[in-house]
Novice: 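Sending over a structure as structure tokens; questions will come in a sec.
Remember, predicted model here, so these are calculated numbers, not experimental data. Position 1 is the first residue of the sequence; numbering continues from there.
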Amino acid sequence: HPKNPDVLNAYGYVLTNYSDDYKKALTLIKKALRYDDKNPAIIDSYGWILYRTGEYGRALIELKKAFSLYEDPEIMSHIIEVLVTTNKTSEASALMDEAKNKYDKLNETLNEVNDNDTELRDNILYEMDKLKRQFVKISNKDVNSVKEIMNAFGVKYYEADGEADKVCAYLTLTKCYACVSDDMDM
């Protein structure tokens, strides 16, 4: 599908996260943008490949543009990662605090909702989950501390590059008691 922007974007994003072929990823994502330059997912991918190639200023502009079109937690996590990488930790903290405050307000609302109103409860829980992904972050320091503790007790662990959610889910169900992932959605 050489002219399908969603396919081009998906392939480019996968290359961005799971390979070092950033040149090909950038080419695919730019091509996707030519076909659909208002799509927040594609703009996010463009910002993310810019980040991965060290173009932090341009990355932040594109990621903020994507977030203004669609308030998605993954886009926000990308923005926060760029801010932290560029030592703009106070701005990153402010964004995480804002998400936490919204989460707390939704939690208060949830406590007031009738238990029988399952649709409203489900909608609130969905929004809370999206917000949580913006302010719950496990740092590399935290992950390394857990690894040190595991090593001290002789506990084996598996390192998975990229998105480890499926590996964690599988391992937790079949092979272990816990799984730590350093991305923002686990």
Novice: Could you grab the distance from atom CD1 of Ile42 to atom CG of Leu69, nearest 0.5 Å is fine?
Specialist: 11.5 Å

Novice: Quick one: CD1 on Ile124 to CD on Glu112, what's the gap to the nearest 0.5 Å?
Specialist: 9.5 Å

Novice: Looking at Asp20, I want to see if its CG is surrounded by more than 12 non-hydrogen atoms of other residues, nucleotides or ligands under 6.0 Å.
Specialist: no

Novice: If you measure from OG1 on Thr53 to CD1 on Ile49, what distance do you get to the nearest 0.5 Å?
Specialist: 5.5 Å

Novice: Of all heavy-atom pairs between Tyr22 and Thr16, which one has the smallest distance, and what is that distance?
Specialist: CE2-O, 3.4 Å

Novice: Please report the closest heavy-atom contact between Lys65 and Ile43, naming both atoms and the distance.
Specialist: CD-CD1, 4.1 Å

Novice: Mind checking the OG1-CD1 spacing from Thr85 to Ile80? Nearest 0.5 Å is all I need.
Specialist: 11.5 Å

Novice: How are the rings of Tyr56 and Tyr51 set relative to one another: parallel (under 30°), tilted (30 to 60°) or perpendicular (over 60°)?
Specialist: tilted

Novice: Report yes or no: do Tyr103 and Ile75 belong to one cluster of Ile/Leu/Val/Met/Phe/Trp/Tyr joined by side chain heavy-atom distances under 4.5 Å?
Specialist: yes

Novice: Run the salt bridge (charged side-chain N to carboxylate O under 4.0 Å, His left out) check on Glu91 and Lys88 step by step: do they pass?
Specialist: CA-CA 6 Å; Glu91 190 177 343; Lys88 296 179 181 174; 5.3 Å; no

Novice: Answer yes or no: is there a side-chain heavy-atom contact under 4.5 Å between Asn39 and Asn9?
Specialist: no

Novice: Examine distances only and state if a side-chain atom of Ser93 and a backbone atom of Ser90 form a donor-acceptor pair shorter than 3.5 Å.
Specialist: no

Novice: If you define the side chain from C-beta out and look only at heavy atoms, does anything of Asp44 sit under 4.5 Å from Leu63?
Specialist: yes

Novice: Which heavy-atom pair separates Pro5 from Ala32 by the least distance, and what is that distance?
Specialist: O-CB, 3.4 Å

Novice: Quick one: closest heavy-atom pair of Leu26 and Tyr46, and the distance?
Specialist: CD1-CE1, 3.7 Å

Novice: Is any side-chain heavy atom of Trp48 closer than 4.5 Å to a side-chain heavy atom of Glu81?
Specialist: yes

Novice: Give the cluster check for Tyr35 versus Leu33: same hydrophobic cluster or not, with ILVMFWY residues linked at side-chain heavy-atom distances below 4.5 Å.
Specialist: no

Novice: Classify the side-chain pair Tyr126/Arg121 by whether it contains a donor and acceptor separated by less than 3.5 Å.
Specialist: no

Novice: Let me confirm one number: the CD-CD1 distance from Glu55 to Ile61, rounded to the nearest 0.5 Å.
Specialist: 11.0 Å

Novice: Should Met96 and Phe67 be counted in the same cluster of Ile, Leu, Val, Met, Phe, Trp and Tyr side chains packed under 4.5 Å apart?
Specialist: yes

Novice: Could Glu62 and Arg58 be called an ion pair, given the rule that one side-chain N must be under 4.0 Å from one carboxylate O?
Specialist: no

Novice: How many angstroms lie between CG in Asn87 and OG1 in Thr89, if you round to the nearest 0.5 Å?
Specialist: 7.0 Å

Novice: To check you understand the geometry: which heavy-atom pair defines the closest contact between Tyr13 and Ile29, and what is its length?
Specialist: N-CD1, 4.0 Å

Novice: Is the shortest distance from a Lys or Arg side-chain nitrogen in Glu127 or Lys130 to a carboxylate oxygen in the other one below 4.0 Å?
Specialist: yes

Novice: Do Leu50 and Leu15 share a hydrophobic cluster, counting only Ile, Leu, Val, Met, Phe, Trp and Tyr and linking them when any side-chain heavy atoms are less than 4.5 Å apart?
Specialist: no

Novice: Looking at every heavy atom in both Ala59 and Val82, which two are closest together, and how far apart are they?
Specialist: CB-CG2, 4.5 Å

Novice: Do His78 and Glu74 come close enough that some side-chain heavy atom pair is under 4.5 Å?
Specialist: yes

